Amino acid sequence: MKKVSIIILTAVLLAGISSCVKEKFTSPPATNVDPNLTPNTTIAAVTALYTGAPVQITQALIVEAVVVGDDRSGNLYKELAIEDSTGAILLMINGPNLYADYPVGRRLFIQLKGLYVVSYDGSYEIVGSVNTDGSYTGIATSNLSQYVFPGKWGINVVPKVVSVIDIATANNALQSQLIELNNVEFITGDRGVPYANGTLILNGTLAIKDCNENQVNVYTSGYANFANSLSPKGNGTMLCIYGVYNGASQLMIRDTTDIINMTGPVCP
């Protein structure tokens, strides 16, 4: 009788443990709250630290920003575009699938001490290290918990409405920001063609214009999951991340959902 009781008790305990383990894996993620950190700098102040050469941040600075561009489609690679009310910058992280933890609309608090501010072909970036050959490496994923503290997610990201002329005169003011262009279209030779070559993994550059023939390039990585998709043939609205490459303006759509109603009549 005693032996039977022990067996029954053991079974009950195992069932309880099993239930606890199941609960652990089926519970929702951590509460949607911000960490207990107080930002004491801005993105504008961080980019101002760069004066022509990579600079390591030695002060105990914390910046708060929201992700406006992630690597879900592959057009951004090992980087996030983050933005606050003063500007935006690229946060380089040496790992894939960053969108799983840091999707568009998630607030991040970044402990900057020990990180570097650099300029890659004119684009400001926060990186983990500067190598002896002058190249840069993103923050190692093993060190992320020291520097990047995720906060609330699901924050509404509102693009900044600009014109093609605004882009031409931006002088870095729009770097890495999410922008919205209205009444634009791809130039005649770039309509209905692939954004890039996803088969041969070749990057692509197309051009869009307004009705006054002002143009700006749109870059797409050959690794983007929409590389082989065809550009629209009509006029409409485009969302994109503003970038700089070799001193020239360059736009990047995050995926094809950034192409909004570009089915209207083209400019005369």
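Values in this document were obtained by computation on a predicted structure and should not be read as measured data. Basis for what follows: all heavy atoms, side chains included, without hydrogens, waters or symmetry-related copies.
Clustering ILVMFWY residues whenever any of their side-chain heavy atoms sit less than 4.5 angstrom apart, transitively, puts Val63 in the very cluster that holds Ile93. Val117 and Met92 sit in two unconnected hydrophobic clusters of ILVMFWY residues. Membership requires side-chain heavy atoms under 4.5 Å apart, directly or through other members. Val244 and Val118 fall into different hydrophobic clusters, where Ile, Leu, Val, Met, Phe, Trp and Tyr side chains are chained together by heavy-atom contacts under 4.5 Å. Note: the hydrophobic cluster containing Phe109 does not contain Leu91 (ILVMFWY, side chain heavy atoms under 4.5 Å, direct or indirect links). Linking ILVMFWY side-chain heavy atoms closer than 4.5 Å, directly or via other members, places Ile167 and Leu239 in two distinct hydrophobic clusters.
If you check the side chains of Asp84 and Thr42, you find no donor sitting under 3.5 Å from an acceptor. In the model, Asp121 has no side-chain atom that pairs as donor or acceptor with a side-chain atom of Ser123 under 3.5 Å. For the residue pair Asp70/Tyr102, the side-chain donor-acceptor check at 3.5 Å is not satisfied. Checked by atom type, the side-chain pair Asn131/Thr137 shows a donor-acceptor distance below 3.5 Å.
Salt bridge annotation for Arg191-Glu185: present, with a cationic side-chain nitrogen under 4.0 angstrom from a carboxylate oxygen. Between Asp255 and Arg72 there is no salt bridge, since no side-chain N of the basic residue sits under 4.0 Å from a carboxylate O of the acidic one.
Between Leu108 and Val67 the shortest side-chain heavy-atom distance falls below 4.5 Å. Within the 4.5 Å cutoff, the side chain of Ile187 has heavy atoms near those of the Lys209 side chain. Residues Val66 and Ile82 have side chains not in contact (no heavy-atom distance under 4.5 Å, counting atoms from C-beta outward). Contact of the Asp210 side chain with the Ser163 side chain is not registered, since no non-hydrogen atoms from C-beta on lie closer than 4.5 Å.
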Derivation and outcome, side chain to side chain contact (heavy atoms under 4.5 Å, CB included), residues Leu178 and Arg254: CA-CA 10 Å; Leu178 178 65; Arg254 297 166 299 176; 3.6 Å; yes
Trace of the side chain to side chain contact (heavy atoms under 4.5 Å, CB included) decision for Asn32 with Trp153: CA-CA 7 Å; Asn32 189 13; Trp153 64 84; 3.3 Å; yes
Full working for side chain to side chain contact (heavy atoms under 4.5 Å, CB included) between Ile241 and Leu251: CA-CA 6 Å; Ile241 300 295; Leu251 309 180; over 6 Å; no
Lys160/Glu180 under salt bridge (Lys or Arg N to Asp or Glu O under 4.0 Å): CA gap, chis, key distance, verdict: CA-CA 6 Å; Lys160 183 173 185 176; Glu180 176 181 326; over 6 Å; no
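Within 6.0 Å of the OH atom in Tyr136, the count of heavy atoms belonging to other residues, nucleotides or ligands exceeds 12. The environment of Asn40 atom CG is dense: over 12 non-hydrogen atoms of other residues, nucleotides or ligands sit within 6.0 angstrom.
Leu230 contributes atom CG, which lies 11.0 Å from atom OG1 of Thr256 (distance to the nearest 0.5 angstrom). Taken to the nearest 0.5 Å, the CG atom of Asp71 stands 10.5 Å off from the NZ atom of Lys78. Here the straight-line distance linking atom CG of Asn94 with atom CG of Leu98 works out to 9.5 Å at 0.5 Å rounding. Atom-to-atom distance recorded for Phe149:CZ and Ile110:CD1 is 10.5 Å, nearest 0.5 angstrom. The line from CG of Leu76 to OH of Tyr99 is 13.5 Å long, rounded to the nearest 0.5 Å. In this structure, the separation between CG on Leu115 and OG on Ser129 is 9.5 Å, given to the nearest 0.5 Å.
Using bins of under 30°, 30° to 60° and over 60° for the plane-to-plane angle, the ring pair Phe226/Tyr195 lands in the perpendicular bin.
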